[in-house]
Structure formats: structure tokens, C-alpha cells
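Quick notes on the structure that follows.
Residue numbers begin at 1 in each chain, while the letters A, B, ... track the order of the sequences.
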Amino acid sequence: VRQPKPVTDYLAVLARELDFDPALSRRVCCEVEDHLWHAVEARGGPSVENQRQAILGFGEARELACGYVAASMLAQIRWAGGAMILAATAIYVAMKARVAWYGWMRWEPTPDYMAVSAFALPIDRYATMLAIIGALIGCGYIATRRAPSWIGLTASSSIVASFCAVRRRPRCPCVSPPRLFSPASGCRERSGVLQLWFLCCRYWSKSRRSSGWCFLFAQQSDARNSRPHCYEIRRSPILARYSPASGVDQLAAGCASPMSATPGCRRRRSPDSRRLTHSIIMPSIAMHR
Amino acid sequence: VEGEILKGHLDMIVLAALAGGPAHGYAIIQEIHRRSGGAFGLPEGTIYPALHRLEKNGLLSSRWTTADSGRKRRTYALTRRGHAALADQRATWERFSAAISGVFGDTYRAAAQARH
């Protein structure tokens, strides 16, 4: 028969609840372990009953994890988004620098143009693909981060606040300056790969009703006319996961918190909320040149 | 004390508990318990997210130490900003408390007059 070890079991549960942030999990578990053993000693010794009493006084592991989830989630999203935006911006600047270099050198297409384009244009293309791969890796990273399916009212309200701060127009997910990375005017072409990627993102976003702050980013030169395509930074609803009954539209219409408006919603769980998708990356429909 | 009211002032309470000097989580909760006369019924674990939040905001600093038992222990201390924030919150609380006392004082007087 296994000897009951309430403190050890509790720490295991806590580590599981905090596994959306391993570093935080290690730190908190270490602190909580010290706290619990201190409390056990204050109750007279490491008996099972004393351990149970100490845990009872400490509170549920899930309650504790909920106190961390919002801050941790937002930090991860910002980190991933910032890194991706930085990478995409670097690629964009490099490509623009190359175009500027051509202009400065007064480079005109010559009969040798085709020979040059044979390696110059692929660089463009591969740089763009690199940006997209980076975006997808970031997307995968963010999507696979796990968080508890249950989130406290305080935590959710901070997410709502951050979300509402950037949300401006109902039914229109795009809130950022559309020409953040782009020069002036539009170009409607989209490559097949990007079109497919966009559709996949859209489908994924809808089917999971997941959320996100969305980023990015890529810049593509059109092989035919060397016109760069830029993608807007977009944000899509973040709350659907936490409050499945209340829709994105409700949030968009009033920027009201469905969580705070619904009594008892703290314990509601969305069907897929086991795996909390923090964000998705979605390229813009509009492309600007 | 109602939990929601308490949670709204948890940061201030934690800062006040650390005003006496550096302490680890268990000591902080014991200090809060002692000073409040056991009036606060929050689970002990509630202070840890608050401690981490305050540290992230630069109001607390922390470092690992080793307890006599050999366990690792995180000790928190107020920073200069933390001291300033505590003074600020204390002043705000005193104004608020005085205002509420005034409101309730009038209520008591009115009730006493009604009884007489």
C-alpha cells in the first residue's frame, strides 16, 4: 500500500497546473514546498494529518495557478510576437535595402538581367519563405503552450482589458495600422502558397474558436514585377475560449467582458479548452505595396 | 472579511507586511495573520501570485536563501519604489477610511436620534 504523501502529491498537481510555464512552475513549486513544510512543522510534525491541514490552509493548486496564467500567457505572447515581428522587420529592411542599392547603382535591366534574376529573385522568395516559416514556428510554439482550462475572474479581466485596449471596431478584427510595414499602395496578387496558408489559418481560427493576438509579417517580392507584398498585423478575439457561450461579436460590440457579465462563468469550460491556444498568426487579406 | 474586498487590497497588505524587513512567503502570511488578528480568511497560497506580481512591477526584490532545514527559500524585500508605493497607498487608504468613517458616523448619529 502506498504511503500517503499529501505534500508531494499536491506539488505534483501544482506542477501540472503550471506546466504552461516550466520556469515559473519550478520556482513556484520550490516556494510552495518550503511554505508547506514550514506550515507542517508549525502544526507539530510531518504527520499525514498535519500535511493535509497545511494543504487545506494553502488553497487549491488550480486557484494558485489561475493567479499566474494571465500574466504568463501575455508575457509569452508578447515575447513570441516581438521576436517574429523583429525577424520579419529585419527581412523587410534587408529587402528594401537591396532595392535601394539597385536604385543607387542606377542599375538597369540588361540582357544579363535574366542571369542575375536567376539567383536574385530566389533570394527574395526564400527570405519570404523564411519569414513565413518563422511565423509558423512561432504559431506552433504559441499553439502548443498549455494552460489550465479554468481561469479565474481576475485573470480573465486582465486579458479582457488588454484585448479591449487594442480593439476598436466591431466585427472588424484588424485594428493595427494597415501599412505598418508597407509603403503606399495596394497590390492584389497573392501567391498560391500564401493563399492556402491564409485559408488554413482562417479555418483553424474558426474551427477552434481560438483566439489570439496575431502578428505578422512577411514580405514577399513578386517575382514578376518585384513589388513587395506586406502583411498587416492582425488581432483576433481572445475570449471565445474562455466563454464559449458569449461570442466574439458581443465582445466586439461593447468591449464588455462576457466573463464578468456572466455569473458563475469562472467554472465554465470550453470543449477544447484543455489545450489553451494562446494566439494564432494570421496574415492579412489586404496586401499593400 | 469578505474575500473579494480583501483581494482588492492584497498588494497593499503584502507591502505593509514586508515593511518590517525581508521575509519569505510563510513569514509574510504569518505576519499578516498576526497583525490582522486572524481576521483575513484568505488561503495562504493567494499571496504568491501577489508577491510575484509586485516583484515584476519592481516594488519587491527577492533572492534565494537556504533555510536551516536545508530547503531553498525565496526571501522578499521592499525596494525603494515599494516603500514609496506603500506610503502612497497608506495615504490613500487613510483618506478613504476617514471618508467612510464620516459617512457611517452620520448614519450612526441619525440612527441614535431616531431611537431617542
Side-chain angles (χ1 to χ4, degrees), chain A residues 7-8 10-11 13-14 17-18 21 23-43 45-46 51 53-76 78-79 148 151-155 157-158 260 263 266, chain B residues 1-14 17-18 22-34 36 38-77:
Chain A
V7 170
T8 310
Y10 182 86
L11 291 171
V13 172
L14 182 60
E17 293 288 348
L18 288 169
D21 189 338
L24 177 73
S25 175
R26 281 193 296 275
R27 177 181 166 175
V28 172
C29 284
C30 198
E31 284 189 77
V32 170
E33 183 181 13
D34 177 57
H35 183 113
L36 288 176
W37 284 120
H38 210 131
V40 167
E41 286 160 12
R43 284 174 168 82
Q51 290 184 41
Q53 288 297 323
I55 289 166
L56 206 63
F58 193 81
E60 281 184 36
R62 179 160 287 187
E63 291 267 1
L64 184 61
C66 286
Y68 289 106
V69 69
S72 175
M73 189 171 75
L74 291 178
Q76 287 173 21
R78 284 175 191 144
W79 184 89
I151 187 166
L153 205 58
T154 310
S157 65
S158 69
S260 57
R266 300 170 75 210
Chain B
V1 178
E2 289 293 329
E4 290 304 318
I5 298 173
L6 189 55
K7 279 182 185 174
H9 299 101
L10 189 59
D11 289 4
M12 181 176 65
I13 291 167
V14 170
L18 280 166
H24 54 88
Y26 184 77
I28 292 168
I29 201 82
Q30 290 303 308
E31 181 68 8
I32 292 170
H33 193 75
R34 186 185 65 77
S36 67
F40 298 155
L42 274 182
E44 294 172 7
T46 313
I47 64 158
Y48 284 95
L51 285 169
H52 292 190
R53 187 172 55 246
L54 290 168
E55 187 184 4
K56 192 165 275 184
N57 293 339
L59 304 182
L60 298 182
S61 61
S62 70
R63 64 192 177 92
W64 287 108
T65 55
T66 306
D68 295 338
S69 58
R71 286 194 300 271
K72 280 176 76 181
R73 174 170 289 173
R74 192 88 174 173
T75 305
Y76 295 88

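Atom-to-atom distance recorded for A:Glu31:CD and B:Lys72:NZ is 10.0 Å, nearest 0.5 angstrom. Here the OH atom belonging to B:Tyr26 is positioned 9.0 Å from the CD atom belonging to A:Glu41, to the nearest 0.5 angstrom.
Residues of residues 47-56 of chain B that come closer than 4.5 Å to chain A, counting heavy atoms only, are B:Tyr48, B:Pro49, B:His52, B:Glu55, ordered by residue number. Among residues 58-71 of chain B, the residues having any heavy atom closer than 4.5 Å to a heavy atom of chain A are, in sequence order, B:Ser62, B:Trp64, B:Arg71.
B:Glu44 pairs by the side chain to side chain donor-acceptor pair (under 3.5 Å) definition with A:His35, not counting sequence neighbours. Partners of A:Arg43 under the side-chain contact (heavy atoms from CB on, under 4.5 Å) rule, at least two apart in sequence or in another chain, are A:Ala39, A:Asn50, A:Gln53, A:Ala54.
Looking only at heavy-atom pairs under 4.5 Å with chain B, the residue among A:Gly57, A:Ala42, A:Gly59 that has the most is A:Gly57.
When heavy atoms are compared at a cutoff of 4.5 Å, A:Leu56 does not approach chain B at all.
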